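What you see is a predicted model, and the numbers here were worked out from it, not measured in a lab.
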Amino acid sequence: MPAEGLVNSSHWGVFTASVDGDGLHVTPDSADPDPSPLLENIRASLDTGARILHPYVRRRWLTDGPGADSTRGDDEFVEVTWDHALDLAARELERTRSTFGNSAIFGGSYGWASAGRFHHAQSQLHRFLNCLGGYTRSRHTYSHGASEVLLPHVVGDVAPLYSPTTWKVMSEHTELFVCFGGMPAKNSQVNGGGVSKHIVRGAIEAARDNGAQFVLVGPLADDLALAPNDEWIAITPATDTALMLALCWVLLDENLCNRDFLDRYCVGFERFAEYLRGEPDGVVKDPRWAAPICGVEPATITTLARRMAAKRTMVTTSWSLQRATYGEQPLWASIALASFLGQIGLPGGGFGHGYGSTGGMGAAKLPYSLPTFFQGANPVREFIPVARIADMLLHPGENYEFNGRTEVYPDTRLVYWAGGNPFHHHQDLVRLRRAFTRPETVIVHEPFWTATARHADIVFPVTTTVERNDIGCGRYDPTMVAMRQVTEPVGEARSDYDILAQLSKRLGIHDEFTENLDEWGWLEKIYEDWRTATPAEHTPNENFAEFWAKGRLDLSGRVTTSDLYQEFRSNPTAHPLRTPSGRIEIFSHTIDGFGYDDCPPHPAWLAPPEADALGSGEYPLCLIANNPKTRLHSQLDHGAFSAASKVQGREPIRLHPDDAASRSITDGDLVLVRSETGQLLAGAVIDDNVAPNIAQLSTGAWFDYSSPDIAACIHGNPNVLTPDVGTSRLSQASTGQLVRVEIEKYKGEVPAITAHDHKQWNTPSSGP
């Protein structure tokens with residue numbers, strides 16, 4: 001019998017769940033002051049129409065054997081027994097590593113599959129492959145890949161991504177927030193590992209109560225919940241760097257920049273100042289220069305610079321800004337701008353990167369680690385930047401440049417993917433489909449028939465959060481949760497751990513991978529290992545059995561008042577940054593030595609194609625492909641809250657009224673969206689929160705390529721439009737945020753959506 005009223009957790013909140021004849025029921029946790037509506041989607045976890053109910057093998061792979069195959073992604077699947085599927089997968093893993101070496105195995109996993117610390121698909125797969133001898137891995141993230149490479153060169157590490165100034169400090173001390181890219185409330189609903197208490201909305205209200213004002217710099221007015229005293233500067237997308245350079249020029253020209261701070265805490269000021277004055281290129285980076293680029297009046301720029309110098313100012317940049325061509329530049333320019341103001345390390349001043357990007361950014365921090373399923377060490381050196389997966393598969397053996405080095409794409413023969421959905425995160429999905437035809441074997445763990453599962457050769461059905469036990473806790477969250485299994489697994493689904501444990505038996509690594517522990521044994525082990533390693537003053541009294549019976553644990557020692565670079569400011573000699581100079585590098589001699597024309601050695605304006613002559617040409621509109629507000633990435637896209645946002649079953653695309661009128665598009669119309677890369681169908685929503693010449697279409701609609709004669713995706717996944725190119729040779733990060741498009745009213749035959757219903761994909765129920 002299913003359990004009733006059991007507490008569980010997700011990346012978007014703690015909840016209580018029960019199952020009866022009407023299905024799964026989910027109730028937000030009563031202790032959460034601002035629970036996320038995304039919890040409504042969880043009911044779809046048990047939807048058998050979209051679930052993978054049994055192990056499957058692609059028919060042509062089963063009959064013809066391993067090899068590159070152009071039918072991968074279009075072929076039908078055959079249901080097989082668990083033993084048969086496991087035997088086939090074990091045979092392929094052994095054949096690949098013994099014939100081609102472990103570097104021929106790519107371990108694809110992107111996290112976000114579960115908020116649990118044990119059933120974390122990425123950790124499970126990586127531990128298994130490490131026990132097997134290693135694998136080619138990916139580095140960094142689609143979320144902030146450019147930042148992860150740039151920040152160590154400029155400030156010595158990635159502290160701005162993980163240890164920013166806390167909201168408590170900003171709520172009390174910040175007078176002016178200048179938010180490049182905004183602080184969208186939708187993104188603060190989620191947090192890696194869970195969020196038991198959503199605090200961002202309350203923190204912003206507290207800051208306003210203390211007199212703080214907010215300036216939103218971005219093309220979407222609802223990227224920040226604006227109050228009457230706030231300001232919206234509707235900038236042209238991808239031109240934030242030009243605006244920041246002009247703000248720096250005003251501070252320099254009017255002697256408002258803090259020369260003492262620049263001299264003591266920074267290097268490269270003079271080289272950067274020469275660039276602002278136009279000495280190297282004859283172009284003065286003043287407001288009159290920036291105005292036509294950004295679509296912002298010169299007086300607005302000058303006034304903003306003066307306001308920033310007169311107040312305790314926090315300069316924030318969203319993660320979205322670096323997911324574009326030359327994405328390193330806006331972040332570097334924001335650090336230079338904050339350095340000119342000279343408030344870095346002061347309470348409520350300086351810069352932040354990612355406020356509003358997740359619910360954890362700016363929350364209190366814990367001075368100790370959380371429970372972890374140990375992955376072990378990977379002896380294989382080969383890697384790729386995460387956004388170069390298609391390049392790796394399509395161009396084995398070719399060179400590419402990355403962070404000052406020349407690397408080589410490995411020859412991948414087997415892709416093993418567990419956790420994450422590359423057909424959500426990646427760009428140019430038609431090209432990714434072509435890339436997935438190249439390996440000899442693709443193995444996928446998935447609960448649902450996503451496009452990733454459809455491009456596999458062996459598909460293992462895995463359980464969801466409500467079908468297993470786990471421990472939930474997030475980096476910035478005050479609560480550890482006993483995630484109790486709510487219901488029995490759907491169909492023949494098994495956990496990633498159970499699948500990999502069975503494979504490990506067949507491959508002779510069972511003892512090493514499992515340590516002869518089952519799920520309960522591992523939950524107790526990782527909890528007790530964590531309790532032993534936690535500093536004595538923060539060690540919980542409860543042993544594992546007591547914690548599990550109690551259901552949740554309040555984590556002590558949270559640091560609520562933290563200023564980024566406070567120690568560095570107090571004594572830069574005693575607390576230097578881990579840069580070559582020990583200071584903030586406005587000019588980087590290291591990057592200068594790389595000789596990259598697409599990433600100069602200081603913040604610079606490099607005109608991106610997305611911003612060129614907006615409103616004209618074959619693709620006059622700039623499409624913003626941002627994160628959705630109705631789901632986390634593509635997770636549970638078929639859930640009630642996500643489905644309710646669709647227009648004619650398609651993802652909604654927002655247009656300014658003038659742009660819609662000039663194209664004879666009305667609210668609710670089906671539209672065809674075209675770019676140089678591809679085209680899709682979406683449902684029109686007319687909204688004056690979108691600036692003119694802009695369109696907005698969220699990521700995460702399950703990729704539906706069932707009608708290629710009409711569009712590459714008939715469901716509205718914007719990554720069929722976005723080109724698969726890196727930000728620069730420095731980081732090779734994702735550029736999926738922006739793309740130029742044209743939109744027209746669709747007048748053809750309306751195809752049925754197949755993405756959420758496996759029956760429409762002609763999946764046989766039994767094999768030969």
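Formation of a donor-acceptor pair under 3.5 Å by the T236 side chain with backbone atoms of T239 is not found in this model. Side-chain atoms of T437 do not come within 3.5 Å of backbone N or O of A68 as any donor-acceptor pair. Between the Q329 side chain and the C599 main chain, no donor and acceptor come within less than 3.5 Å of each other. With R583 contributing its side chain and D263 its backbone, the two residues share a donor-acceptor pair below 3.5 Å. In this structure, the side chain of N102 engages the main chain of G134 through a donor-acceptor pair within 3.5 Å. Looking only at distances, no side-chain donor or acceptor of R431 sits under 3.5 Å from a matching main-chain atom of A390. Counting only distance, with no hydrogens or angles, the side chain of Y142 and the backbone of R323 share no donor-acceptor pair below 3.5 Å. With hydrogens and angles disregarded, a donor-acceptor distance shorter than 3.5 Å links the side chain of T727 to the backbone of A733. Side-chain atoms of W232 come within 3.5 Å of backbone N or O of G218 as a donor-acceptor pair. Side chain of D659 to backbone of N693: a donor-acceptor contact under 3.5 angstrom is found.
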Side-chain donor/acceptor pairs under 3.5 Å, residues 602-619, sequence neighbours excluded:
| residue | atom | partner | partner atom | Å |
| --- | --- | --- | --- | --- |
| E610 | OE2 | T325 | OG1 | 2.9 |
| S616 | OG | A613 | O | 2.7 |

Distance-only donor-acceptor pairs under 3.5 Å for side chains of residues 146-162, two or more places apart:
| residue | atom | partner | partner atom | Å |
| --- | --- | --- | --- | --- |
| S147 | OG | Q322 | OE1 | 3.4 |
| S147 | OG | H353 | NE2 | 2.7 |
| E148 | OE1 | H140 | ND1 | 3.4 |
| E148 | OE2 | T141 | N | 3.0 |
| E148 | OE2 | T141 | OG1 | 2.8 |
| E148 | OE2 | H144 | ND1 | 3.1 |
| H153 | NE2 | N403 | OD1 | 2.8 |
| D157 | OD1 | A159 | N | 3.1 |
| D157 | OD2 | R578 | NH2 | 3.1 |

I'd like a table of donor-acceptor pairs (distance under 3.5 Å, sequence neighbours excluded) in which one partner is a side-chain atom from residues 285-301, with atom names and distances.
| residue | atom | partner | partner atom | Å |
| --- | --- | --- | --- | --- |
| K285 | NZ | Y275 | O | 2.9 |
| K285 | NZ | D281 | OD1 | 3.2 |
| K285 | NZ | D281 | OD2 | 3.1 |
| K285 | NZ | V283 | O | 2.5 |
| D286 | OD1 | R288 | N | 3.3 |
| D286 | OD1 | W289 | N | 2.9 |
| D286 | OD2 | R288 | NH2 | 3.4 |

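Taking CH2 of W417 as the reference point, atom OG1 of T452 lies at 7.0 Å (rounded to 0.5 Å). With values rounded to the nearest 0.5 angstrom, L337 atom CG is found 6.5 Å from L251 atom CG. K311 NZ to T174 OG1: the interatomic distance, rounded to the nearest 0.5 Å, is 12.0 Å. Going from atom CZ of R307 over to atom CG of L176 covers 5.0 Å, rounded to the nearest 0.5 Å. Taken to the nearest 0.5 Å, the OG atom of S143 stands 6.0 Å off from the NE2 atom of H425. Considering OG1 of T677 and CD of Q427, their distance stands at 10.0 Å, rounded to 0.5 Å.
H426 and N719 share no side-chain donor-acceptor pair at under 3.5 Å. In this model, no donor atom of one side chain and acceptor atom of the other lie less than 3.5 Å apart for T313 and Q343. Checked by atom type, the side-chain pair H575/Y565 shows no donor-acceptor distance below 3.5 Å.
Of all heavy-atom pairs between P330 and G327, the closest is CD-O, 3.3 Å. Residues G678 and L721 share a closest heavy-atom pair of O-CD2, 3.2 Å. Of all heavy-atom pairs spanning R729 and G595, the tightest one is NH2-O, 3.9 Å. Summarising the geometry of I624 relative to P219, their closest heavy-atom pair is CD1-CG, 3.3 Å, with the distance given to 0.1 Å. Nearest heavy-atom pair, P628 versus H633, reported as atom, atom and distance to 0.1 Å: CG-O, 3.6 Å. A pairwise comparison of heavy atoms in S634 and H424 identifies OG-CB, 3.7 Å as the closest pair.
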Legend entry - Chi angles and distances behind the side-chain contact (heavy atoms from CB on, under 4.5 Å) call for Q696, D223: CA-CA 12 Å; Q696 181 270 317; D223 268 346; over 6 Å; no
Inset, instruction - Might you work through the side-chain contact (heavy atoms from CB on, under 4.5 Å) test for T302 and E254, ending with a clear yes or no? - result: CA-CA 10 Å; T302 300; E254 298 189 3; 3.9 Å; yes
Legend entry - Check against side-chain contact (heavy atoms from CB on, under 4.5 Å), L220 and N626: CA-CA 11 Å; L220 303 176; N626 58 2; 3.7 Å; yes
Inset, instruction - Assess whether side-chain contact (heavy atoms from CB on, under 4.5 Å) is satisfied between V250 and L304, documenting all intermediate values. - result: CA-CA 10 Å; V250 173; L304 179 59; over 6 Å; no
Inset, instruction - Could you walk me through whether H455 and F703 pass ring-ring contact (aromatic ring centres under 6.0 Å, His included), step by step? - result: CA-CA 12 Å; H455 284 79; F703 179 32; 7.2 Å; no
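Residues D598 and Y326 have side chains in contact (heavy-atom distance under 4.5 Å, counting atoms from C-beta outward). Counting heavy atoms from C-beta outward, I384 and I389 have side chains that approach closer than 4.5 Å. Between F106 and P439 there is no side-chain heavy-atom pair separated by less than 4.5 Å. Proximity of L393 to V415: side-chain heavy atoms (C-beta onward) are separated by under 4.5 Å at one or more points. The shortest distance between side-chain heavy atoms of E651 and N717 does not fall below 4.5 Å. Residues F351 and L341 have side chains not in contact (no heavy-atom distance under 4.5 Å, counting atoms from C-beta outward). T722 is not listed as a side-chain neighbour of Q737, based on a closest heavy-atom distance of 4.5 Å or more. Residues D240 and T317 fail the side-chain proximity criterion, which asks for heavy atoms closer than 4.5 Å.
In this structure, F423 has its ring center at least 6.0 angstrom away from the ring center of Y705. Ring pair F177/F214: centre-to-centre distance below 6.0 Å.
With salt bridges taken as basic N to acidic carboxylate O contacts below 4.0 Å, none links D253 and R277. Comment: E407 does not engage R139 in a salt bridge, judged by the lack of any side-chain N to carboxylate O separation of less than 4.0 angstrom.
Geometrically, R413 engages F100 in a cation-pi contact defined by less than 6.0 Å to the ring centre and at most 45° from the axis.
Between F594 and Y596, the ring planes lie tilted relative to each other; the angle falls in the 30° to 60° range.
Within a 6.0 Å sphere centred on CD of E270, heavy atoms belonging to other residues, nucleotides or ligands number more than 12. Surrounding CD of E279 are more than 12 heavy atoms belonging to other residues, nucleotides or ligands, all under 6.0 Å away.
Of the options P723, S675, C622, a side-chain contact (heavy atoms from CB on, under 4.5 Å) to R740 is made by C622 and by none of the others. A ring pair (Phe, Tyr, Trp, His ring centres under 6.0 Å) with Y409 is found for exactly one of Y400, F402, F383, namely Y400.
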